Peer 1: 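Supplied in structure tokens, the structure appears directly below.
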Amino acid sequence: MPALPEPSAPRPVWPGIAAPEAPRLDHEIVQLGRQRNDPYAWMKFIPESGSRTMEGLPPRLRAHLQAEMAYAEAMLRPLAPLAADFNARMHALAPEIDIPLPVSSRGWRYSFRIPAGGAHRIFTRTSATGEEPLLFDEAARAEGHAYYRAIEHQHSPDDRYFAWAEDLVGNDRHRICRLDMRTGEIRVLVEGDAFGYRGFTFSPSSRHLFWIWRDAHSRPTRVYRTPVEGGEAALVYEEQDPAIFLHVARTAADSFVALTMAGPDMAEVRLIAADAEEAEPMVVRPRRRGVTYEVNEWAGMLLLLTDEDAAIDRKLLALGMSGFEALGELVPHREGVQIVAILPFAEALVRLERVDGLHRLVLMQADGAEKLIGFDDPAYAIQLLPAQEYGAGQVRIVHQTPANPPRWIDIELATGARRTVGQERLRGFDPENYVVERLEARALDGAMVPITLLSRRDMENAPAPLLLTGYGAYGFSSEPLFSLPATVLVDAGFRYAIAHVRGGSEKGRRWFLEGRRMRKRNSMTDFIACARHLQEAGLAAPGKIVAHGGSAGGLLVCGAMNIEPSMWAGVIAQVPFVDMLNTMSDAEHPLVPLFRPDWGDPLSDPQAYDYIASISPYENVGPGAYPPLLCTAGLKDDRVPYWEPGKLIANIRHRAAGGSPALLWLHPDSGHQSSGDLDSRFAEVSTLWAFARHCVGGATPPPAP
């Protein structure tokens with residue numbers, strides 16, 4: 001393909017189309033002795049039942065959202081040739097994916113692939129003799145649905161059944177399907193309202209499926225047990241605290257089903273023994289405010305991974321299998337060495353740790369001897385594949401960098417020897433064309449903020465347009481993963497950078513705590529510091545930095561936009577959490593009770609109210625010139641509903657100067673995430689990249705690929 005022309009125009013030219021003008025209707029709110037006006041509160045609509053549809057919206061709201069959609073389409077229409085070129089380049093590179101998963105106890109190797117030119121996954125399994133029966137094709141499951149996303153695919157311990165959760169609407173309320181691999185019969189075991197994310201597991205006997213139900217507020221509150229051959233669901237456990245989320249899984253050697261009740265600052269685990277699947281769950285340790293823990297098993301004992309006794313980066317304790325009594329400390333707390341996850345095998349215990357922002361593996365033998373497994377890349381990510389066979393002699397990991405697609409590596413548990421068993425290969429893609437760097441920016445208070453930077457190797461050490469992305473919330477780290485769309489953007493003359501701001505856990509839990517609650521502004525100023533550092537280092541061209549973030553990352557970039565609007569050539573906020581004060585004041589919101597420890601409670605704490613009011617993007621739009629803004633939203637999204645970006649955009653149009661466009665790109669058939677196929681993902685990001693390209697002055701359509 002010919003190279004895209006270098007962005008050159010000093011200022012983008014946008015169509016001279018008048019933006020929709022949202023009515024401002026006074027809506028006075030008195031809260032904790034404070035008074036505020038929310039003039040766009042009328043945009044919020046929650047149906048009495050079911051999901052939102054355009055047809056079911058109140059007439060005034062429907063007309064406004066239709067006008068927003070028409071405006072966004074008209075403003076983005078001139079960028080269609082550029083978006084089509086980005087899309088074509090992504091599809092031209094898209095690999096024929098064949099994912100090598102670990103072998104089951106009975107010798108079956110499960111895998112999925114995306115065939116050349118395909119958009120959906122095909123699931124298969126291969127026997128020891130080479131037979132490869134097709135399990136199912138997601139394209140057939142998605143047929144006839146405007147939206148389809150499937151998650152949490154897993155096989156039963158006896159290798160007879162295969163299950164997955166699928167969302168046909170976009171509202172994260174899943175149904176759970178079960179395939180009988182002997183007969184080929186697919187049965188819907190749970191018709192709807194299931195919680196899919198770590199929300200179901202087969203029992204050790206393979207006779208039951210334990211699964212989690214969502215209530216009317218979309219909160220996971222109940223655990224049920226359903227026979228895999230169908231039948232009445234039995235209630236196993238019901239959680240009364242709306243600030244607790246549930247997860248369910250089997251422990252490593254299939255001795256227990258573990259029900260984990262967890263919030264940001266509290267946890268409790270209840271176990272169901274494999275030889276008593278219908279018994280009441282047993283509490284390992286009662287929940288205590290300020291203490292979190294997880295439970296697994298290894299070498300005839302339970303493992304407790306916990307932050308108790310101020311072990312903020314966690315330590316590992318051993319407990320008895322029956323009485324749960326303390327047996328000793330296996331791995332002590334070491335501040336700055338965060339234990340991210342553990343994966344037990346009969347032969348060794350595998351720990352995934354993070355030190356100085358980078359992953360490493362530790363293989364621990366039963367006698368306490370340890371072997372460290374590291375990698376030399378400047379920035380990389382390691383993933384432990386779930387559901388690996390406890391008796392296996394190796395652990396399978398996924399290793400990737402921003403320049404190197406995922407590769408699957410088996411690491412021998414006894415020796416640490418490595419063997420690459422699979423590699424995602426993109427057509428016509430050469431990792432040597434790219435350079436990955438790990439840099440640091442100095443924050444306002446002197447903290448050093450890591451940056452992962454991706455550039456083309458043939459790009460001279462001169463300023464270039466930059467897309468800077470970040471997240472910085474809930475302790476979730478922005479891992480330096482491989483992104484095909486990012487490489488396509490870099491091929492278009494950009495640099496691509498990840499700002500590892502406070503609020504994530506890239507430098508341990510303290511890094512999270514310093515970007516949380518009353519310190520949340522640190523995340524935003526860290527992001528600005530990263531942009532400024534890249535500009536001062538001569539890597540980012542002044543006036544050509546585009547900010548990008550999604551969900552809580554939308555709060556990050558829109559907060560940074562309010563603080564320093566002149567820094568950004570454009571801002572892209574996908575399903576952004578930007579109506580922070582009003583959302584955190586809504587006790588009925590699915591996530592508000594859970595995340596009060598992270599953001600504060602403006603319903604009961606005046607200090608939290610004032611702080612949130614000072615950083616919430618919607619309330620803090622200034623009168624000056626703002627950069628072009630593109631916000632995406634899903635009409636069916638219950639996590640970050642469409643009215644959050646809708647209200648922000650209306651307020652920017654009302655208050656800000658400069659005439660830059662603010663666009664609400666609303667997807668009427670989607671929720672918090674796009675549909676799960678490659679076509680949908682590439683189509684969306686292609687438009688985002690075209691917007692970014694136009695913002696830095698490069699909207700001339702490139703030659704056809």
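From a predicted model like this one, the values you see are computed outputs, not experimental measurements.
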Peer 1: Of all the heavy-atom pairs spanning R517 and P597, show the shortest one and how long it is.
Peer 2: CD-O, 3.6 Å
Peer 1: Quick one: are V257 and V248 in side-chain contact, heavy atoms under 4.5 Å?
Peer 2: yes
Peer 1: Please state whether the rings of H153 and W164 are parallel, tilted or perpendicular, taking 30° and 60° as the class boundaries.
Peer 2: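 Rings of H153 and W164: parallel, under 30°.
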Peer 1: Flag yes if more than 12 heavy atoms outside R34 fall under 6.0 Å of its CZ atom; otherwise flag no.
Peer 2: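 Buried by this count: over 12 neighbours within 6.0 Å.
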Peer 1: Determine, for K520 against D598, whether the closest basic-nitrogen to carboxylate-oxygen distance falls under 4.0 angstrom.
Peer 2: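 Result for this pair is no, no salt bridge flagged.
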Peer 1: Under 3.5 Å, is there a donor-acceptor pair between the side chain of Q400 and the main chain of P406?
Peer 2: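 No, the answer is negative, given that no donor and acceptor are paired below the 3.5 Å cut-off.
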Peer 1: So F324 and L304, do their side chains get closer than 4.5 Å, heavy atoms only?
Peer 2: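 A side-chain contact under 4.5 Å is absent here.
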Peer 1: Is the centre of the F375 ring less than 6.0 Å from the centre of the Y380 ring?
Peer 2: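 Yes, the ring centres sit under 6.0 Å apart.
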Peer 1: Report the C-alpha distance between I528 and M524 in whole Å, list the side-chain angles of each, state the deciding distance to 0.1 Å, and finish with yes or no for side chain to side chain contact (heavy atoms under 4.5 Å, CB included).
Peer 2: CA-CA 6 Å; I528 294 169; M524 302 167 186; 5.5 Å; no
Peer 1: Hydrogens and angles aside, do T583 and E644 bring a side-chain donor and acceptor to less than 3.5 Å of each other?
Peer 2: yes
Peer 1: Keeping S585 on the side-chain end and L581 on the backbone end, is there a donor-acceptor pair under 3.5 Å?
Peer 2: yes
Peer 1: Is it the case that the side chain of R314 and the backbone of V340 share a donor-acceptor pair, with hydrogens and angles ignored and the cut-off at 3.5 Å?
Peer 2: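 The answer is yes, because a donor-acceptor pair under 3.5 Å joins these two groups.
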Peer 1: State which residue, out of D638, D193, D167, D215, fulfils the salt bridge (charged side-chain N to carboxylate O under 4.0 Å, His left out) condition with R173.
Peer 2: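 By the salt bridge (charged side-chain N to carboxylate O under 4.0 Å, His left out) criterion, R173 pairs with just one of D638, D193, D167, D215: D193.
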Peer 1: Does any donor atom in the side chain of R438 or T452 lie under 3.5 Å from an acceptor atom in the other side chain?
Peer 2: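 Note: R438 and T452 side chains meet the donor-acceptor criterion.
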Peer 1: Is the shortest side-chain heavy-atom distance between L594 and I244 below 4.5 Å?
Peer 2: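 With C-beta onward as the side chain, the pair stays apart.
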Peer 1: Please determine whether the number of non-hydrogen atoms from other residues, nucleotides or ligands lying under 6.0 Å from atom CG of D376 exceeds 12.
Peer 2: no
Peer 1: Check D313 with R334, please: is the shortest side-chain N to carboxylate O separation under 4.0 Å?
Peer 2: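 Result for this pair is no, no salt bridge flagged.
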Peer 1: Could you check whether Y609 and Q607, counting side-chain N and O atoms only, form a donor-acceptor pair closer than 3.5 Å?
Peer 2: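 No, because no side-chain N or O of Q607 sits under 3.5 Å from a partner of the opposite role on Y609.
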Peer 1: Does a salt bridge link R270 with E268, judged by any charged N lying under 4.0 Å from a carboxylate O?
Peer 2: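 Salt bridge between R270 and E268, a charged N being under 4.0 Å from a carboxylate O: yes.
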Peer 1: Does the side chain of V236 reach to within under 4.5 Å of the side chain of F210, using non-hydrogen atoms?
Peer 2: yes
Peer 1: If you count every heavy atom of other residues, nucleotides or ligands that lies below 6.0 Å from E280 atom CD, does the total exceed 12?
Peer 2: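 No.
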Peer 1: Do H399 and D377 have side-chain atoms, one donor and one acceptor, less than 3.5 Å apart?
Peer 2: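 Looking only at side-chain atoms, D377 and H399 do form a donor-acceptor pair, the distance falling under 3.5 Å.
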Peer 1: Is there a donor in the side chain of T415 and an acceptor in the side chain of E412, or the other way round, less than 3.5 Å apart?
Peer 2: no
Peer 1: Counting only N and O atoms by type, is there a donor-acceptor contact under 3.5 Å from the side chain of Q574 to the main-chain atoms of G553?
Peer 2: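 Between the backbone of G553 and the side chain of Q574 there is no qualifying donor-acceptor contact (under 3.5 Å).
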Peer 1: Let's go through R516 and E514 carefully: what are the C-alpha distance in whole Å and the side-chain angles of both, what is the deciding distance for salt bridge (charged side-chain N to carboxylate O under 4.0 Å, His left out) to 0.1 Å, and is it a yes or a no?
Peer 2: CA-CA 6 Å; R516 182 197 201 203; E514 290 178 359; over 6 Å; no
Peer 1: Taking it one step at a time, do E308 and R285 satisfy salt bridge (charged side-chain N to carboxylate O under 4.0 Å, His left out)?
Peer 2: CA-CA 12 Å; E308 68 180 17; R285 289 193 176 179; 3.0 Å; yes
Peer 1: Checking N620 side chain against A613 main chain: does a donor-acceptor pair fall under 3.5 Å?
Peer 2: yes
Peer 1: To check you understand the geometry: which heavy-atom pair defines the closest contact between L556 and G470, and what is its length?
Peer 2: CD2-C, 3.5 Å
Peer 1: Say whether T221 and R214, considering side chains only, have a donor N or O and an acceptor N or O under 3.5 Å apart.
Peer 2: no
Peer 1: Would you find a donor on one side and an acceptor on the other, under 3.5 Å apart, between the side chain of E437 and the backbone of P378?
Peer 2: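 Here the side-chain-to-backbone pair does not exist.
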Peer 1: When you check the side-chain N and O atoms of D307 and T292, is any donor under 3.5 Å from an acceptor?
Peer 2: yes
Peer 1: Do any N or O atoms from the side chain of H589 and from the backbone of R639 form a donor-acceptor pair under 3.5 angstrom?
Peer 2: yes
Peer 1: Considering residues, nucleotides and ligands other than D605, do more than 12 of their heavy atoms fall under 6.0 Å from its CG?
Peer 2: yes
Peer 1: So, for H174 and Y197, is the gap between ring centers shorter than 6.0 Å?
Peer 2: yes
Peer 1: Under 3.5 Å, is there a donor on one side chain and an acceptor on the other for H500 and S477?
Peer 2: no
Peer 1: Would you check, one step at a time, whether the test side chain to side chain contact (heavy atoms under 4.5 Å, CB included) holds for L319 with E325?
Peer 2: CA-CA 5 Å; L319 305 180; E325 70 280 6; over 6 Å; no
Peer 1: Would a line drawn from the ring center of F202 to the ring center of H208 be shorter than 6.0 Å?
Peer 2: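 Distance test on ring centres: not under 6.0 Å, no.
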Peer 1: How close do A233 and Y224 get, counting heavy atoms only, and between which atoms?
Peer 2: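 Smallest heavy-atom distance, with atoms named: CB-CD2, 4.0 Å.
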Peer 1: Taking C-beta and beyond as the side chain, do H533 and R442 meet within less than 4.5 Å on heavy atoms?
Peer 2: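 No - every pair of side-chain heavy atoms lies 4.5 Å or more apart.
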Peer 1: Does the side chain of E353 pick up a donor-acceptor pair with the side chain of H359 at under 3.5 Å?
Peer 2: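 Per modelled atom types, E353 and H359 side chains form no pair under 3.5 Å.
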Peer 1: Please name the pair of heavy atoms, one in I498 and one in S478, separated by the smallest distance, quoted to 0.1 Å.
Peer 2: CG2-CB, 3.7 Å
Peer 1: When you measure from the side chain of K507 to the backbone of V355, do you find a donor-acceptor pair of N or O atoms at a distance under 3.5 Å?
Peer 2: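 No; judged by distance alone, with no hydrogens or angles, the pair does not exist.
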Peer 1: Are E239 and R222 close enough for a salt bridge, meaning some N to O gap below 4.0 Å?
Peer 2: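 A salt bridge is absent here (no side-chain N lies under 4.0 Å from a carboxylate O).
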Peer 1: Is it the case that over 12 heavy atoms from other parts of the model lie below 6.0 angstrom from the CZ atom of R198?
Peer 2: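 Result for CZ/R198: open.
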Peer 1: Under 3.5 Å, is there a donor-acceptor pair linking the side chains of E294 and T260?
Peer 2: no
Peer 1: Please name the residue in the list R509, R289, R288 that meets the salt bridge (charged side-chain N to carboxylate O under 4.0 Å, His left out) test with D265.
Peer 2: R509
Peer 1: Are L303 and L317 side-chain neighbours, meaning at least one heavy-atom pair lies under 4.5 Å?
Peer 2: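 Sidechains of L317 and L303: no contact.
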Peer 1: Short question: side chain of T201, backbone of A249 - any donor-acceptor pair under 3.5 Å?
Peer 2: no
Peer 1: Give a yes or no on whether the backbone of A403 and the side-chain of T401 come within a donor-acceptor separation of less than 3.5 Å.
Peer 2: yes
Peer 1: Which heavy atom of D601 sits nearest a heavy atom of A608, and at what distance?
Peer 2: N-CB, 3.7 Å
Peer 1: Listed by chain and number, what are the side-chain hydrogen bond (donor to acceptor under 3.5 Å, both in side chains) partners of D526, not counting sequence neighbours?
Peer 2: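 Partners of D526 under the side-chain hydrogen bond (donor to acceptor under 3.5 Å, both in side chains) test: R502.
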Peer 1: I'd like to know whether the aromatic ring centres of Y474 and F595 sit less than 6.0 Å apart in this structure.
Peer 2: yes
Peer 1: For atom CZ of F476, is the number of surrounding heavy atoms from other residues, nucleotides or ligands below 6.0 Å larger than 12?
Peer 2: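 It does not: F476 CZ has 12 such atoms or fewer within range.
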Peer 1: Within a reach of under 6.0 Å around CZ of R521, are more than 12 heavy atoms found that belong to other residues, nucleotides or ligands?
Peer 2: no
Peer 1: Where do F245 and F195 land on the ring-ring contact (aromatic ring centres under 6.0 Å, His included) test, with the steps shown first?
Peer 2: CA-CA 10 Å; F245 260 40; F195 182 67; 5.7 Å; yes
Peer 1: Please test L363 against I373 for side chain to side chain contact (heavy atoms under 4.5 Å, CB included), starting from the C-alpha separation and ending with a verdict.
Peer 2: CA-CA 8 Å; L363 309 181; I373 307 294; 4.2 Å; yes
Peer 1: Of the non-hydrogen atoms in L302 and G320, which two are nearest, and what is the gap between them?
Peer 2: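 Smallest interatomic distance, heavy atoms only, reads CD1-O, 3.7 Å.
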Peer 1: Pair W599, F577 - check ring-ring contact (aromatic ring centres under 6.0 Å, His included), show working.
Peer 2: CA-CA 12 Å; W599 305 113; F577 173 40; 5.5 Å; yes
